[in-house]
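In listed order, ligands and their atoms are each counted from 1. Numbering starts at 1 and runs along the sequence shown. The analysis underlying the following values was restricted to heavy atoms, covering all of them including side chains, and did not include hydrogens, waters or symmetry mates.
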Amino acid sequence: MSAVEIQEKIAQLTQELNHYNYQYYVLAQSLISDYDFDQKLKELEALELQYPQFADPNSPTQRVGGDITSKFNTVKHRWPMLSLGNTYSQDELRDFDQRVRKIIGDDFQYVCELKFDGLSISLTYQNGRLVQGVTRGDGTQGDDVTTNIKTIRSIPLTLKTTDFPEEFEIRGEIFMHKSAFLRLNKEREENGDQTYANPRNFAAGTIKLQDSAEVARRPLDCFLYFLYTENRRKQFTTHWESLEAVRNWGFHVCDHTKLCNDISEVFSFIDYWDTERHNLSYEIDGIVIKVNDYAQQEELSFTAKNPRWATSYKFKAERVETILKSISYQVGRTGAVTPVANLQPVLLAGTTVKRASLHNANEIARLDLHTQDTVYVEKGGEIIPKVISVNLEKRLPDASPFHYPTLCPECQSKLIREEGEAVHYCPNEDGCPPQIVGKMQHFIGRKMMDIEGLGNETIETFFKKGLLSNVVDIYALKEHEEDLQQMERFGQKSIDNMIKGIEKSKQKPFEKVLFALGIRHVGETIAKKLASYFKNIDALTTATIEEIASVPDIGGRIAESVHHYLNAPAHRSQIEKLKEYGLQFAIEEKEVVLESNSLEGKTFLISGVFADFSREELTAIIENHGGKMVGSISAKLNYLVAGDKMGPAKLIKAEKLQVPIINERDLLALINM
Ligand code: IVH
């Protein structure tokens with residue numbers, strides 16, 4: 001391909017991928033399979049790597065992040081990011097309406113929007129391209145988080161049309177959908193990482209991460225709701241028009257926006273969303289009311305803090321009083337202790353609430369909870385009810401404060417709290433019952449060893465009966481068939497089924513085994529990275545903390561946890577026993593039976609599809625004749641075995657580095673086949 005052709009190819013792929021992104025993340029329409037999308041993305045990535053001179057900083061490949069920011073730069077906002085006044089009642093909102101009328105008369109309209117519960121962001125575009133994303137900060141200046149912003153798929157990196165001002169700023173709200181929040185928080189809990197109290201905190205914590213690749217893994221979304229540009233009134237006369245326009249440029253603008261002719265229409269909008277908000281996939285905490293006409297907005301102007309042409313109406317979170325009966329402390333699989341408030345059952349927003357999470361010791365201290373306190377419990381847009389505060393007037397004279405336990409409620413070990421962490425841990429990993437049971441339940445999970453015929457309840461029963469006390473015992477179950485037959489509700493068929501499932505799990509690859517061990521902070525992706533980097537458990541066990549931390553995306557805290565776990569004598573002996581049972585503790589390298597030495601010292605890379613052989617068969621042929629497979633093209637590569645449908649990037653690179661390109665016939669000729 002010539003330089004012009006390459007540039008064209010890059011432009012075409014970029015445009016295609018931007019289009020699919022927009023369709024999927026803004027319009028929620030899927031036009032292409034994930035696989036095909038990834039293939040195109042990889043093709044573009046390869047071309048950009050090969051021809052960095054043509055790579056666009058706003059390419060869709062930047063969505064996966066990768067840049068590490070050591071410190072965010074502070075940027076002054078060109079237009080300050082003001083907050084809105086709050087109203088909580090119809091009366092307060094009527095007062096707002098009166099004030100507006102006094103200044104601009106009766107001839108105007110309001111735009112009603114949802115008040116998204118996230119964090120506000122200001123995006124700058126020049127010539128239709130995103131150049132900067134800045135957090136609100138103190139309203140005057142905020143943090144430049146552009147690299148993180150680029151990972152948010154619904155934010156366009158380049159605009160779809162051409163009718164936009166040369167330079168403008170657009171403001172909006174970054175948030176996390178409830179479903180993603182629940183899923184990721186659960187994953188964090190399972191991996192022993194700190195959980196977030198609500199989607200807003202999760203989104204705020206994410207946007208401030210310095211590792212943009214991690215940001216990319218946490219799905220964020222963004223609604224845009226306000227446009228700033230010089231001479232805005234030349235192009236639009238109303239806020240409503242501007243919203244329509246920016247939607248056309250490719251921005252994600254919420255559809256639940258309404259033009260209202262008077263305050264009574266505003267009230268209907270509020271009433272509707274006060275109940276309907278529970279059916280949204282994201283959290284809102286109120287409604288924003290804006291005077292529509294730009295000229296009227298200017299006439300109304302600002303107070304010191306807020307615009308006079310807009311305000312917000314905050315939904316009342318439903319709140320009830322009830323009695324705090326006790327606090328229980330639940331110990332999870334990784335030993336993390338979660339305090340839970342046990343409440344006198346009370347009806348709240350349509351459901352009976354008996355319990356509320358208290359998160360951690362800081363929260364209990366903040367609330368200053370005492371025995372038998374009367375507490376306020378709230379459920380707003382939030383998913384989980386929470387204890388807001390104590391009604392001090394009702395505190396009993398003999399009430400005593402709750403103190404966070406110093407000992408594990410399950411095994412009486414002394415709890416520890418690592419520096420900088422809010423969570424307490426029970427360190428008795430191998431002797432604390434909920435940790436033992438939790439670890440075994442994690443081990444058999446679907447994404448781990450996926451043992452058919454063995455479920456969480458059975459694990460608990462077997463643990464109580466003394467049949468299981470750690471994951472090694474699972475593989476010894478078949479030696480206890482007689483004991484199993486004595487168990488109630490456990491027929492021969494279930495036993496056979498379970499033993500078959502257990503045997504089958506021995507084939508699970510190393511990365512799954514590593515994940516299944518349940519090492520704190522080692523989730524699915526981390527386990528994959530460690531497995532592919534170290535190849536086997538011995539290399540990982542003997543690695544120093546620094547060596548582990550040198551693997552891309554593995555931080556010091558994870559490295560320490562892995563090192564500590566694998567070097568504990570109890571775990572070493574467990575792993576040895578699991579090895580003896582035949583579990584996979586190394587990446588499987590196929591056994592090679594040498595047929596000849598004719599390819600000795602030569603390196604090969606296979607790419608594309610072949611008429612007569614599968615890629616695995618070709619690999620076997622090469623290795624059986626002493627050749628070595630490599631993963632990437634370099635000047636040292638001896639042969640590129642090229643089939644059909646091979647990506648152009650590899651061909652281009654091989655040609656440039658003058659690597660001989662051969663087909664399957666040529667390969668067979670090399671070994672006289
Ligand atoms: S307009 C000058 N519209 O609420 C007008 N804000 O206290 C600026 N918010 O900081 C804001 N949804 O983070 C506007 N539809 C919406 C909004 C919204 C949420 C947030 C925003 C702002 C805060 C106002």
Peer 1: If only side-chain N and O atoms count, and only distance matters, is there a donor-acceptor pair under 3.5 Å linking Asn279 with Glu276?
Peer 2: yes

Peer 1: Is there a heavy atom of Phe226 sitting under 4.0 angstrom from any atom of ligand 1?
Peer 2: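 No, Phe226 has no heavy atoms under 4.0 Å from ligand 1.
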
Peer 1: Note the single closest protein heavy atom to atom 15 (N) of ligand 1, along with its residue, its atom name and the distance in Å.
Peer 2: Glu113 OE1, 2.9 Å

Peer 1: Identify, for atom 21 (C) of ligand 1, the protein heavy atom at the shortest distance, and state residue, atom and that distance.
Peer 2: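 Sorting protein heavy atoms by distance from atom 21 (C) of ligand 1 puts Tyr225 OH, 3.0 Å first.
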
Peer 1: Among protein heavy atoms, which sits nearest to atom 10 (O) of ligand 1, and what does the distance come to when rounded to 0.1 Å?
Peer 2: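 Result: Ser120 OG, 3.7 Å.
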
Peer 1: Using heavy atoms and a threshold below 4.0 Å, how should the contact between Pro307 and ligand 1 be classified: side chain, backbone, both, or neither?
Peer 2: side chain

Peer 1: Please determine, by modelled atom types, if Glu418 and Tyr425 share a side-chain donor-acceptor pair under 3.5 angstrom.
Peer 2: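 No, no side-chain donor-acceptor contact under 3.5 Å.
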
Peer 1: Centroid separation under 6.0 Å, is that true for the rings of Phe226 and Tyr228?
Peer 2: yes

Peer 1: Which residue owns the protein heavy atom closest to atom 5 (C) of ligand 1, what's the atom, and how far is it?
Peer 2: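 In this structure, atom 5 (C) of ligand 1 has Leu84 CD2, 3.9 Å as its nearest protein heavy atom.
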
Peer 1: In the protein, what heavy atom is nearest to atom 23 (C) of ligand 1, and what distance, to one decimal place, separates them?
Peer 2: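 Looking only at protein heavy atoms, the one closest to atom 23 (C) of ligand 1 is Lys115 NZ, 4.0 Å.
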
Peer 1: Tyr294 ring centre to Arg232 NZ or CZ under 6.0 Å, with the angle to the axis within 45°?
Peer 2: yes

Peer 1: Is it true that the NZ or CZ of Lys290 lies under 6.0 Å from the centre of Tyr110's six-membered ring and within 45 degrees of the ring axis?
Peer 2: no

Peer 1: Do we get Arg94 above Phe267's six-membered ring, with its NZ or CZ under 6.0 Å from the centre and within 45° of the axis?
Peer 2: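 That pair does not qualify as a cation-pi contact.
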
Peer 1: Please identify which atoms of ligand 1 are closer than 4.0 Å to at least one heavy atom of Ser83.
Peer 2: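 Matching atoms, with element in brackets: 7 (O).
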
Peer 1: Using modelled atom types only, decide if a donor and an acceptor are shared between the side chain of Asn58 and the backbone of Leu157 within a distance under 3.5 Å.
Peer 2: yes

Peer 1: Please determine whether any non-hydrogen atom of Leu114 lies less than 4.0 Å from an atom of ligand 1.
Peer 2: yes

Peer 1: Got a sec, which residues hit ring pair (Phe, Tyr, Trp, His ring centres under 6.0 Å) with Phe223, two or more places apart in sequence or on another chain?
Peer 2: Phe116, Phe175, His252, Tyr282

Peer 1: For ligand 1, note which part of Glu173 has a heavy atom under 4.0 Å away: side chain, backbone, both or neither.
Peer 2: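 Just the side chain.
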
Peer 1: Report the relative orientation of the aromatic rings in Tyr329 and Tyr404; use parallel for angles under 30°, tilted for 30 to 60°, perpendicular for over 60°.
Peer 2: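 Perpendicular: the ring planes of Tyr329 and Tyr404 meet at over 60°.
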
Peer 1: Return a yes/no value for Phe116: is any of its N or O atoms, backbone included, closer than 3.5 angstrom to an N or O of ligand 1?
Peer 2: yes

Peer 1: Identify the heavy atoms of Pro57 and Lys150 that sit nearest to each other, and give their distance.
Peer 2: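 Heavy atoms only, the tightest pair is O-NZ, 3.1 Å.
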
Peer 1: Give yes if a backbone or side-chain nitrogen or oxygen of Val288 is under 3.5 Å from a nitrogen or oxygen of ligand 1, and no if not.
Peer 2: no

Peer 1: Distance alone, cut at 3.5 Å: any donor-acceptor contact between the side chains of Glu321 and Asn391?
Peer 2: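 Asn391 and Glu321 do have a side-chain donor-acceptor pair below 3.5 Å.
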
Peer 1: Who's the nearest protein heavy-atom neighbour of atom 3 (N) of ligand 1, and how far?
Peer 2: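 Here the closest protein heavy atom is Lys290 NZ, 3.1 Å.
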
Peer 1: Give a yes/no on ligand 1: does Ala310 have at least one heavy atom closer than 4.0 angstrom to it?
Peer 2: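 No, that is not the case, since the closest heavy atom of the residue is not under 4.0 Å from the ligand.
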
Peer 1: Is Tyr228 in polar range of ligand 1, meaning some N or O pair under 3.5 Å apart?
Peer 2: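 No.
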
Peer 1: Going by distance only, is there an N or O of Trp309 that falls short of 3.5 Å from an N or O of ligand 1?
Peer 2: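 Such a contact does not occur with ligand 1.
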
Peer 1: Among all protein heavy atoms, pick the one closest to atom 8 (C) of ligand 1 and tell me residue, atom and distance.
Peer 2: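 Scanning the protein heavy atoms, the shortest distance from atom 8 (C) of ligand 1 goes to Leu82 O, 4.1 Å.
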
